[in-house]
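Report on the following structure.
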Amino acid sequence: MSRKKKELPEIRNVEITGVAAEGNAIARLKLKESDPDPIVIFVPFGAPGDIVNIKIDRRKHSFCEGHITQILFPSPVRLEPPCEYFGICGGCRWQHLPYPEQLKYKRQQVVDALTRIGKIELPHIKETLGSKKIWHYRNKMEYTFSNRRWKSWAEMRGEVPQDDATDALGFHIPGSFDKVLQIDQCLLQEGIGDRMRNYLYNLAREKRYSFYDIKENKGLLRTLMIRIAESGQIMVCLSFGENDNELIFEILESIKNEFPEITSLQYVVNLKLNDSIADQEVINYKGPGYIEETMGNLKFRISAKSFYQTNSLQAHALYKTAATFAGLVKNEDSKEKPIVYDLYTGTGTIANFVAGSAKKVIGIEYVEDAVEDAKINSKINGIDNTEFYAGDMKDLLTEQFLEHHGKPQVMIIDPPRAGMHADVVDVILKSDTPVIVYVSCNPATQARDLSLLDRKYKVTDVQPVDMFPHTHHVENVVRLELRSNN
């Protein structure tokens, strides 16, 4: 007979004192008089200064997790979230915080990561560079079709009118892999995205097209991707879970006729167990297989599989920061132009952005399709001093590679969230590159890598950049100089 799990308490009149990593608010207090010190309690959707009641959901040795059951006195900084799905869909968890407060806490995340994890000497960390647009800033949105619509407890208990629809087109609910929240509006992308999504949902309901069943791996309509570039070009890519050409073409024709402004309409037939289309064939139905995004005087060709920063305007600010840290300003004297390595180059956005100030740029990327896009992006912009290579960074970036292509005077690094492999760090250390600019979407792994580089490199500049307003995510750009004693 199993022992009954002990009920965890509800704590009353608790003050929220700050914001921590992963976007949670924090409070500190003693749960029992016998506790030697206050314990940290992590709760979502709190604002510093709130006085709340908290139900403890989980207790560990050094911290607790809980949720707010009642806001007794709201913080003076607390805002009314503009999105009706706040707290449900899992995104935009900081809508209740004023934007200047969000920027402050993002900077604090960077400070905490670099000091507590990196444990290195740091210069003054600049204030977070804010986004010019804080709503409708995303150029790419992805939605899921599901035959398992998420229902609130109030709906299931009959406290609010029940919607008989079991199908949904929207976002996965955090913690419920098989449940999708049906949405009518999202404030992250321009209104045409809402119109397209709602049109498809209503069309599918009217025509009785089947929505995907994630447990059974069947259903015609699976995922929807909408990309809207600053150039005004629009890409729509539908993923289908069944290979029924008659119905697929019927749906695509309806979309094409309803939205003639679509630049590129594409589809994928994905019969495997996950939603990724990276290993799937993308088929054109209308227009070219790409759209073009503009950044300054450059154009970047983006396909359905391409990685491109989802906040176009802020990407420009991010790359200008990286270029400034790298000292890559316009210089007509070719003798003074450096050899630049762009590691984890993706589709070559940074490489092409700085090429005009470099003798040559060597870009290295794991994904072969991305490397081909990078070469195309150089070609359409008339850039002839870039070279791109595909391969695993730890295997490709060797001392022999550096000797063959020339040792860099500047290295720009923009790795995935997991950071760099230790072998890559070793090659970078041996390269004695005078200046390194490290761009990261994860200050924690960046801090780990900086601690490894610390024995030969000194951090001289740190600039947090906000790419995703109303979320806890923050990009961070760090400049490193080779120490003079090396």
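- Of all non-hydrogen atoms in D167 and Y201, the two that sit nearest each other are O-OH, 3.5 Å.
- In this structure, P48 and L97 have side chains that are in contact, with non-hydrogen atoms separated by less than 4.5 Å.
- Under the side chain to side chain contact (heavy atoms under 4.5 Å, CB included) criterion, P123 pairs with V459, V462, sequence neighbours left out.
- Between the OG atom in S306 and the CG atom in N377 there is a gap of 7.5 Å [rounded to 0.5 Å].
- By the 4.5 Å heavy-atom criterion applied to side chains, T347 and I302 are not counted as neighbours.
- T321 and T324 share no side-chain donor-acceptor pair at under 3.5 Å.
- In this structure, OG1 on T345 lies 9.0 Å from CD1 on I364, to the nearest 0.5 angstrom.
- Panel note: side chain Q189, backbone I226; a donor-acceptor pair is recorded below 3.5 Å.
- In this structure, the ring-ring contact (aromatic ring centres under 6.0 Å, His included) partners of F171, at least two apart in sequence or on a different chain, are Y143.
- A 4.5 Å side-chain heavy-atom check between L453 and L429 finds at least one atom pair inside the cut-off.
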Practice problem: Dump the intermediate steps for salt bridge (charged side-chain N to carboxylate O under 4.0 Å, His left out) on R28 and D37, then the final yes or no. | Solution: CA-CA 9 Å; R28 290 182 173 88; D37 298 299; over 6 Å; no
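- Take D426 and apply the side-chain hydrogen bond (donor to acceptor under 3.5 Å, both in side chains) test, not counting sequence neighbours, and it matches no residue.
- Here E127 pairs with R107 under the side chain to side chain contact (heavy atoms under 4.5 Å, CB included) rule; sequence neighbours left out.
- Summarising the geometry of K394 relative to D423, their closest heavy-atom pair is CB-CB, 4.0 Å, with the distance given to 0.1 Å.
- Atoms CG and CE, on L224 and M196 in that order, are 9.0 Å from each other to the nearest 0.5 Å.
- With sequence neighbours excluded, no residue forms a ring-ring contact (aromatic ring centres under 6.0 Å, His included) with F177.
- In this structure a side-chain-to-backbone donor-acceptor pair under 3.5 Å is missing from N53 to Q70.
- No side-chain heavy atom of L79 sits under 4.5 Å from any side-chain heavy atom of Q95.
- Remark: the Q309 side chain and the T349 side chain contain no N/O donor-acceptor pair separated by less than 3.5 Å.
- Minimum interatomic distance between T433 and P408 (heavy atoms only, all atoms of both residues): OG1-CG, 3.4 Å.
- Residue pairs meeting the ring-ring contact (aromatic ring centres under 6.0 Å, His included) criterion with at least one partner in residues 67-89, sequence neighbours excluded, are F45-F86, F86-H96.
- Every residue two or more places apart in sequence or in another chain that forms a ring-ring contact (aromatic ring centres under 6.0 Å, His included) with F42 is listed here: F63.
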Would you tabulate the side-chain donor-acceptor contacts of residues 108-118 under 3.5 Å, counting partners in other chains and residues two or more places apart, or write 'none'?
from	atom 1	to	atom 2	distance (Å)
Q108	NE2	D112	OD1	2.8
Q109	NE2	H472	O	3.1
T115	OG1	V111	O	2.6
T115	OG1	D112	O	3.3

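- In this structure, F211 has its ring center closer than 6.0 angstrom to the ring center of F145.
- Crowding of Y99 atom OH: a count of heavy atoms from other residues, nucleotides or ligands under 6.0 Å exceeding 12.
- Of the possible donor and acceptor atoms, one in the side chain of D194 sits under 3.5 Å from a partner among the backbone N and O of C186.
- At distances below 3.5 Å, at least one donor-acceptor pair connects side-chain atoms of R479 with backbone N or O atoms of F325.
- Here the side chain of R227 pairs no donor or acceptor atom with the backbone of Y290 at under 3.5 angstrom.
- The aromatic rings of F353 and Y319 sit tilted, their planes meeting at an angle between 30° and 60°.
- To the nearest 0.5 Å, atoms CG (L328) and NZ (K320) are separated by 15.0 Å.
- The aromatic rings of H470 and W135 lie parallel to each other, their planes meeting at an angle below 30°, with 60° marking the opposite boundary.
- Between C92 and L188, some side-chain heavy-atom pair lies under the 4.5 Å cut-off.
- D414 places no side-chain N or O within 3.5 Å of a backbone atom of Y344 that could act as its donor or acceptor partner.
- Annotation: side chain of L238 is in contact with side chain of L200 (closest heavy-atom distance under 4.5 Å).
- The main-chain N or O of E292 is found under 3.5 Å from a side-chain atom of Q233 such that the two form a donor-acceptor pair.
- V474 approaches P464 most closely through the heavy-atom pair CG2-CB, 4.1 Å.
- In terms of heavy-atom proximity, A25 sits nearest to I16 at CB-CG2, 3.6 Å.
- In this view, A355 and V361, I383, N385, T386 satisfy the side chain to side chain contact (heavy atoms under 4.5 Å, CB included) rule, not counting sequence neighbours.
- In this structure, the side chains of V19 and E101 stay at 4.5 Å or more apart for every pair of heavy atoms.
- Side-chain contact between M235 and T263: absent, with no pair of heavy atoms (C-beta onward) separated by less than 4.5 Å.
- Within 6.0 Å of atom NZ in K458, 12 or fewer heavy atoms from other residues, nucleotides or ligands are found, so the atom counts as exposed in its surroundings.
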Quiz item: Could you go step by step and tell me if N139 and E230 meet the side-chain contact (heavy atoms from CB on, under 4.5 Å) rule?
Solution: CA-CA 8 Å; N139 57 45; E230 287 293 316; over 6 Å; no
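- In this structure a side-chain-to-backbone donor-acceptor pair under 3.5 Å is missing from Q463 to V477.
- Evaluation of the side-chain hydrogen bond (donor to acceptor under 3.5 Å, both in side chains) rule for Y199 yields no partner, not counting sequence neighbours.
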Quiz prompt | Steps toward side-chain contact (heavy atoms from CB on, under 4.5 Å) verdict (D275, R222) | solution = CA-CA 8 Å; D275 288 337; R222 186 161 183 174; 2.7 Å; yes
Practice problem: Take Y341 and L397 through the side-chain contact (heavy atoms from CB on, under 4.5 Å) test and state the conclusion after the steps. | Solution: CA-CA 10 Å; Y341 278 38; L397 186 67; 4.2 Å; yes
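- For K30, the side chain to side chain contact (heavy atoms under 4.5 Å, CB included) criterion is met by D35, P38, not counting sequence neighbours.
- Expressed to the nearest 0.5 Å, how far CG of D392 lies from CD of E365 amounts to 10.5 Å.
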Quiz item: Could you go step by step and tell me if Q280 and K272 meet the side-chain contact (heavy atoms from CB on, under 4.5 Å) rule?
Solution: CA-CA 10 Å; Q280 301 292 290; K272 57 190 178 64; 3.1 Å; yes
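- The two residues K106 and H473 have their closest heavy-atom pair at NZ-O, 2.9 Å.
- The side chain to side chain donor-acceptor pair (under 3.5 Å) analysis of residues 436-449, with sequence neighbours excluded, yields the pairs Y438-D449, Q446-N476.
- Counting only distance, with no hydrogens or angles, the side chain of D454 and the backbone of L450 share no donor-acceptor pair below 3.5 Å.
- A donor-acceptor pair under 3.5 Å is absent between the side-chain atoms of S239 and the main chain of T223, judged by distance alone.
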